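Quick note: residue numbers are just sequence positions, from 1. Remember, it's 1-based here, ligands and their atoms both numbered in the order they're listed. Values in this document were obtained by computation on a predicted structure and should not be read as measured data.
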Amino acid sequence: AQQEWTYSGPGLVESDWPKDYPDCGGQKQSPINLQARLVRFNRSLKPLTLKGYEDDNLEFSMTNNGHTVQIALPPTMQITDSEGTVFRAIQMHLHWGGGFFELSGSEHTIDGIRRVIEAHFVHFNSKYGSYDEARNQSDGLAVVAVLMEIDEYAENTNYSPIISELLNIQYPGEITTLTNINIQDLFPGDTRHYFVYKGSLTTPPCTENVKWFVFQDSVKLSKAQVLKLENTIKNKNNETLHNIYRQTQPLNQRVVEANFP
Ligand code: SG7
Ligand code: ZN
């Protein structure tokens, strides 16, 4: 029987993921350190086109799945990449740090610096009929990553609907409904510039079929908003979820591109 995966235990700890999930030991894993010196500037990469994201009359379910908080997104929300490939949304979730030392908890780092929070918007290639069909295809997935930082006292009201519902999903399996939220507003104001590379899911099964887009610009949350996220959500052992990010993985033969110098 497979043990439940975790970051630091009890259960299958990060360094042991490859024992039960062989792809986690692969050569194209995520996250990575985005090292400016090694990034290839490609001026022909166009900005992502977002469609269906701006609709603000929708309701979304948000759940605590024991590993993170996750918001279900409809397939009508889609991104088109520079090559014209259309990816449909399935969900967004967050990675954070916290704990006694108030550590940062993003998954990607930039020149070795970890940001406070990282949001992942998971998409599947629209040439497949559903996420389940796409999930094991080599060109199946795309994840758009938003890095977040602290702006001490400035509440980010775009994120307030999420933060204020967290108390209703403290425990794994709990589910709540978000209203009055605009998903496009969860992205940075300027989404033109991004890093792009080929990698994997950052959790088991670590499938190496993810086209990663990491926006250059970050989003800012107030200190109070960050602390509420870091200190509210519990796992199934009734422990507060802290530092739910994977260590950066070797770049190996890959090249990271960016559409900004
Ligand atoms: C989070 O990250 C969850 C997972 C997600 C995983 O733990 O949101 O989603 C579910 C449905 O549990 O796994 C397959 C999948 O989306 C890895 O996603 S990530 O690579 O973007 N971090
Ligand atoms: Zn993630």
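- Panel note: side chain R135, backbone D132; no donor-acceptor pair is recorded below 3.5 Å.
- The side chain to side chain donor-acceptor pair (under 3.5 Å) analysis of residues 46-57, with sequence neighbours excluded, yields the pairs Y53-H123.
- Taking a 4.0 Å cut-off on heavy atoms, R135 fails to register as neighbouring ligand 1.
- Distances under 2.8 Å from the Zn ion (ligand 2) pick out the protein N/O/S atoms H93 NE2, H95 NE2, H120 ND1.
- Checking side-chain atoms of W212 against main-chain N and O of S200 turns up a donor-acceptor pair under 3.5 Å.
- For the pair T202 and ligand 1, the shortest N or O to N or O distance falls below 3.5 Å.
- Counting non-hydrogen atoms of other residues, nucleotides and ligands closer than 6.0 Å to CG of N180 gives a total of 12 or fewer.
- Polar contact with ligand 1: present for Q70 (N/O pair, distance under 3.5 Å).
- Proximity of the aromatic rings of F215 and Y194 is defined here by a centroid distance below 6.0 angstrom, and this criterion is not met.
- Residue, atom and distance of the protein heavy atom nearest to atom 7 (O) of ligand 1 are T203 CG2, 3.8 Å.
- Ring centroid separation for the pair F213 and F121 does not come in under the 6.0 Å cut-off.
- At a 4.0 Å heavy-atom cut-off, ligand 1 touches N65 through the side chain alone.
- Contacts between Q91 and ligand 1, counted as non-hydrogen atom pairs separated by less than 4.0 Å, involve the side chain only.
- For Y131, every heavy-atom contact with ligand 1 shorter than 4.0 Å involves the side chain, none the backbone.
- Those atoms of ligand 1 that come under 4.0 Å of a heavy atom in H93, given as number and element, are 1 (C), 2 (O), 8 (O), 18 (O), 19 (S), 21 (O), 22 (N).
- Sorted by first and then second residue, the ring pair (Phe, Tyr, Trp, His ring centres under 6.0 Å) pairs involving residues 239-261 (not counting sequence neighbours) are H193-F260, F195-F260.
- A salt bridge links D139 with K127: at least one charged nitrogen is closer than 4.0 Å to a carboxylate oxygen.
- In terms of the salt bridge (charged side-chain N to carboxylate O under 4.0 Å, His left out) criterion, D111 has no residue partners (sequence neighbours excluded).
- Contact atoms of ligand 1 toward H95: 22 (N) (distance under 4.0 Å to a heavy atom of the residue).
- Among the atoms of H67, none of the N or O lies under 3.5 angstrom from an N or O of ligand 1.
- Relative orientation of the W17 and W5 rings is perpendicular, given thresholds of 30° and 60° on the angle between their planes.
- The atoms of ligand 1 that sit less than 4.0 Å from any heavy atom of L201 are 14 (C), 18 (O), 20 (O).
- In this structure, Q253 places its CD atom where only 12 or fewer heavy-atom neighbours from other residues, nucleotides or ligands lie under 6.0 Å away.
- Using a 4.0 Å cut-off between charged nitrogen and carboxylate oxygen, E83 and K211 count as a salt-bridge pair.
- Under 4.0 angstrom from ligand 1, the non-hydrogen atoms of W212 all belong to its side chain.
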